[in-house]
Amino acid sequence: DTGVSQNPRHKITKRGQNVTFRCDPISEHNRLYWYRQTLGQGPEFLTYFQNEAQLEKSRLLSDRFSAERPKGSFSTLEIQRTEQGDSAMYLCASSLARVDSPLHFGNGTRLTVT
Amino acid sequence: DQQVKQNSPSLSVQEGRISILNCDYTNSMFDYFLWYKKYPAEGPTFLISISSIKDKNEDGRFTVFLNKSAKHLSLHIVPSQPGDSAVYFCAASASYGGATNKLIFGTGTLLAVQP
């Protein structure tokens, strides 16, 4: 069990640029989640996958955000035309698709939009 | 609306004493509850969980209590140690299709354990 891996750890970009983050889940986990966390808040749900199927997207998620999990293994989260309000910690988590399976989180990608 | 609430932003306790962290929820469909611990610059780490069919779950120094009628859960840490100093998040989920759904998190409580 190597844990959930996220890359890059930090990303600084200028407003209007596109960014892409990668997440490699725990290998036997078939569910993968993306969350966003800002200072003083708890993680906020963005979207999740079971295998390659995207099962739910938060209604708060702008159309500028898109996530993929093409082969049911790693996932990417892309933000187009970044805005300063997108600055946050982006967290990925994985779990088994069964009752009472906790989510295991990676260490996140810190995005700063200047 | 905030479905999971942690009303105490911070808590300070002496080493060796009990730490009690509280959490309230509003959604009666929640049936799985978890506590996570978070250090700066790291992701949340799973600590302990409880299913709605139980009212208590214990793991070493950590015990979670669930009061469904009050929609309230608490985490007890006994004895508290300086290494327990971190932000603690309460989270809840409503399962369907035989699997846990997404987690909804509270805003966290910063625990400081004084030596």
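Treat the numbers as computed from the prediction; the structure is a model and nothing was measured. Here is the naming used below: chain letters follow the sequence lines, and residue numbers restart at 1 for every chain.
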Review point. Between CZ of B:Arg61 and CD1 of B:Ile48, what distance do you get to the nearest 0.5 Å?
Key: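 CD1 of B:Ile48 is found 11.5 Å from CZ of B:Arg61.
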
Could you look at [X] and say if it's the side chain, the backbone, both or neither that has a heavy atom under 4.5 Å from chain B?
X: A:Glu56; value: side chain
X: A:Glu44; value: neither
X: A:Arg110; value: neither

Check your understanding: Under 4.5 Å, heavy atom to heavy atom, which residues of residues 70-88 of chain B contact chain A?
Key ->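 Within residues 70-88 of chain B, no residue comes under 4.5 Å of chain A, counting heavy atoms only.
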
Centres of the [X] and [Y] rings: under 6.0 Å?
X: A:Tyr90; Y: A:Phe21; answer: yes
X: B:Tyr25; Y: B:Phe33; answer: yes
X: A:Phe105; Y: A:Tyr33; answer: no

Practice item. Under 4.5 Å, counting heavy-atom pairs only, tell me which of A:Pro43, A:Cys92, A:Gly42 racks up the most with chain B. Key: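 Option with the top pair count is A:Pro43.
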
Review point. Based on non-hydrogen pairs under 4.5 Å, which of A:Gly40, A:Gly108, A:Pro102, A:Ala93 is most in contact with chain B?
Key: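 Heavy-atom pair counts peak at A:Pro102.
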
Check your understanding: Does the side chain of A:Phe65 reach to within under 4.5 Å of the side chain of A:Arg36, using non-hydrogen atoms?
Key ->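 Contact flag for A:Phe65/A:Arg36 side chains = yes.
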
Check your understanding: Is there side-chain contact between B:Phe65 and B:Ile50, with heavy atoms separated by less than 4.5 Å?
Key ->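 A side-chain contact is absent here, since even the closest heavy-atom pair is not under 4.5 Å.
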
Practice item. Assess A:Arg22 against A:Phe74: is NZ or CZ under 6.0 Å from the centre of the six-membered ring, and within 45 degrees of the ring's axis? Key: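 Cation-pi check for A:Arg22 and A:Phe74: passes.
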
Practice item. Determine, for A:Phe45 and B:Lys102, whether the Lys NZ or Arg CZ falls below 6.0 Å from the six-membered ring centre while staying within 45 degrees of the axis. Key: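 Because its charged atom sits under 6.0 Å from the ring centre and within 45° of the axis, B:Lys102 does stack over A:Phe45.
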
